[in-house]
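Order of appearance sets the numbers: ligands from 1, and atoms from 1 within every ligand. Please read all numbers here as calculations on a predicted model, not as lab measurements. Side chains are part of it too, since the values below use all heavy atoms of this structure and drop only hydrogens, waters and symmetry mates.
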Amino acid sequence: MWKDLGLNLEKHDVLLNALAKGYGDLFMTQKNRPAGMGYFDFVISEVHGLRIKELVDRKKAGKKIIGAFCLYVPEELVYAADATMVGLCGGADFSIPDAETVLPRNICPLVKSFFGFKVGATCPYFNSCDMVVGETTCDAKKKVYEVLADYTPTYVMEIPHKVDTEQSKALWLSEIKLFKQQMETLTGNVIEKDSLKEAIRLINEKKKAMKRVSDTRKASPTPISGLDALLVNQVSFYDDVNRFTLKTNELADELEKRNADGVGVGDPSKPRLMFSGCPMAIPNWKLHSIIESTGVPVVAEESCIGSRYFTDLVEPKGDSMDSLLEAIWDRYHNISCACFTPNDDRVTKVVDMAREYNASGVVYNVLQYCHTYNIEAIKVDKALKAAGVPMLKVETDYGSEDVEQIRTRVEAFTEMLRPV
Ligand code: BJ8
């Protein structure tokens, strides 16, 4: 199977060994984990095994696999065309040397990581894709898609950067319609009203299950570690949707029961931290593991791998194809990524979330060279300060050189926070 996918087997083995070791050290050593995390452990143990076999089987049955790098890609249209979507954002240092054989060094590690997986032929998800969908969000991504097109079929959606104008609405709606056509051409399946309604239901159910898990983290003590909750969010981009929804709802049942019984994973006398900022693509567990190694729980993620993915649902107001597409427009234009301007909506959301989750402080993650999230931190910090919630900005990459330095800063930050 690996050979058919064109993988570099030697490098792929090195990657799998490193992944298994890192996962074991970080996740399996946690105390009092919910039993429901067993499923997610299994998914990771089979992340380059059974799940890939499922995708390959779908391809053999004539179905298409679509790769994406951004929340803006409307997955409902992918599933309505009977295709499958997988997230391809890279969270590993491992693939960066391969990327740097082509790309400049001083760009965001997330972009270098995913590009390196393709160039180095080490990601079976990437190599399973019939088409990857990029988007005009940040400069690093949109320019790298031009280069990526030399390696794999690449389709780019144009995202308006001013979200609430008539022009931006018209542009984004037309992009959604063009993407629908693109999916129909690629798959040979016409997207009918009923298949789109079913896809909307499928994805909404998945997001509702994730929101249930997230809501349980408002309790003190929190019933699940931030690391485990982050993993659930990361796995949502790869797993079979129906199975993921079922298992995430089972986990939510267990966490709700834990809350009712007063069972948690952290010390309720400690402060609680919220994470905000650049997304943590799998297997980037760096900041969560550093924070939680100091005994302080992470209780929420204001991020695309976090609340921004599951908070809003597609809610059609009518039954026509136009109403369904408008509802998709409405949900997706609400994604408050830092690439947009002005982005006051995100600033308000960060403050609201910190209150909702009873966070004593916010750790704001900036991936190196991510100008949008870095600059937006100024407004977020100001708004949090006004709300009485301190913020610590951490600018980092996927390397381990700065781990101890960040740990020291987190410790100093949490010492001055009030427990909640
Ligand atoms: S909607 S956050 S998934 S663009 S961290 S690559 S922004 S330089 S990932 Fe994102 Fe879509 Fe926005 Fe979400 Fe660029 Fe920044 Fe790197 Fe980033």
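The nearest protein atom to atom 2 (S) of ligand 1, hydrogens excluded, is given as Tyr373 OH, 3.0 Å; this is a heavy-atom distance. In this structure, the protein non-hydrogen atom closest to atom 15 (Fe) of ligand 1 is Cys370 SG, 2.3 Å. When hydrogens are left out, the protein atom nearest atom 16 (Fe) of ligand 1 is Cys108 SG, 2.3 Å; that is the closest non-hydrogen contact. In terms of protein heavy-atom proximity, atom 10 (Fe) of ligand 1 is closest to Lys141 NZ, 3.6 Å. Distance from atom 12 (Fe) of ligand 1 to its nearest protein heavy atom, with residue and atom name: Cys337 SG, 2.3 Å. Looking only at heavy atoms of the protein, atom 13 (Fe) of ligand 1 is closest to Cys304 SG, 2.2 Å.
Checking Val43, Thr248, Val47 one by one against Val235, the side chain to side chain contact (heavy atoms under 4.5 Å, CB included) holds for a single residue, Val43.
In summary, the atoms of ligand 1 found under 4.0 Å from a heavy atom of Leu71, numbered by their order in the structure, are 3 (S), 11 (Fe). Against a heavy-atom cut-off of under 4.0 Å, Thr137 is close to the following atoms of ligand 1: 4 (S). For ligand 1, the atoms lying closer than 4.0 Å to a non-hydrogen atom of Val111 are 6 (S).
Between Tyr238 and Phe244, the ring center distance fails the sub-6.0 Å criterion.
For the pair Lys207 and Tyr309, the cation sits on the ring face: its NZ or CZ lies under 6.0 Å from the ring centre, inside 45° of the axis. In this structure, Lys218 is positioned above the aromatic face of Tyr357, its NZ or CZ under 6.0 Å from the six-membered ring centre and within 45° of the axis. In this structure, Lys118 is not positioned above the aromatic face of Tyr151 in the sense of NZ or CZ being under 6.0 Å from the six-membered ring centre and within 45° of the axis.
Classification of Glu256 and Arg212 as a salt-bridged pair holds, one side-chain N sitting under 4.0 Å from a carboxylate O. Remark: Glu100 engages Arg105 in a salt bridge, criterion side-chain N to carboxylate O under 4.0 Å.
Counting heavy atoms under 4.0 Å from ligand 1, residue Ala338 does not touch it at all.
For a distance bound of 2.8 Å, the N, O or S atoms of Cys138 include one lying that close to atom 14 (Fe) of ligand 1. For Cys70, the nearest N, O or S atom to atom 11 (Fe) of ligand 1 falls under 2.8 Å.
With rounding to the nearest 0.5 angstrom, the CZ atom of Phe115 is 10.0 Å from the CZ atom of Phe69.
For the residue pair Lys393 / Asn374, a side-chain donor-acceptor distance below 3.5 Å is found, with atom types taken as modelled.
Under the 4.0 angstrom criterion for non-hydrogen atoms, Ala140 is not in contact with ligand 1.
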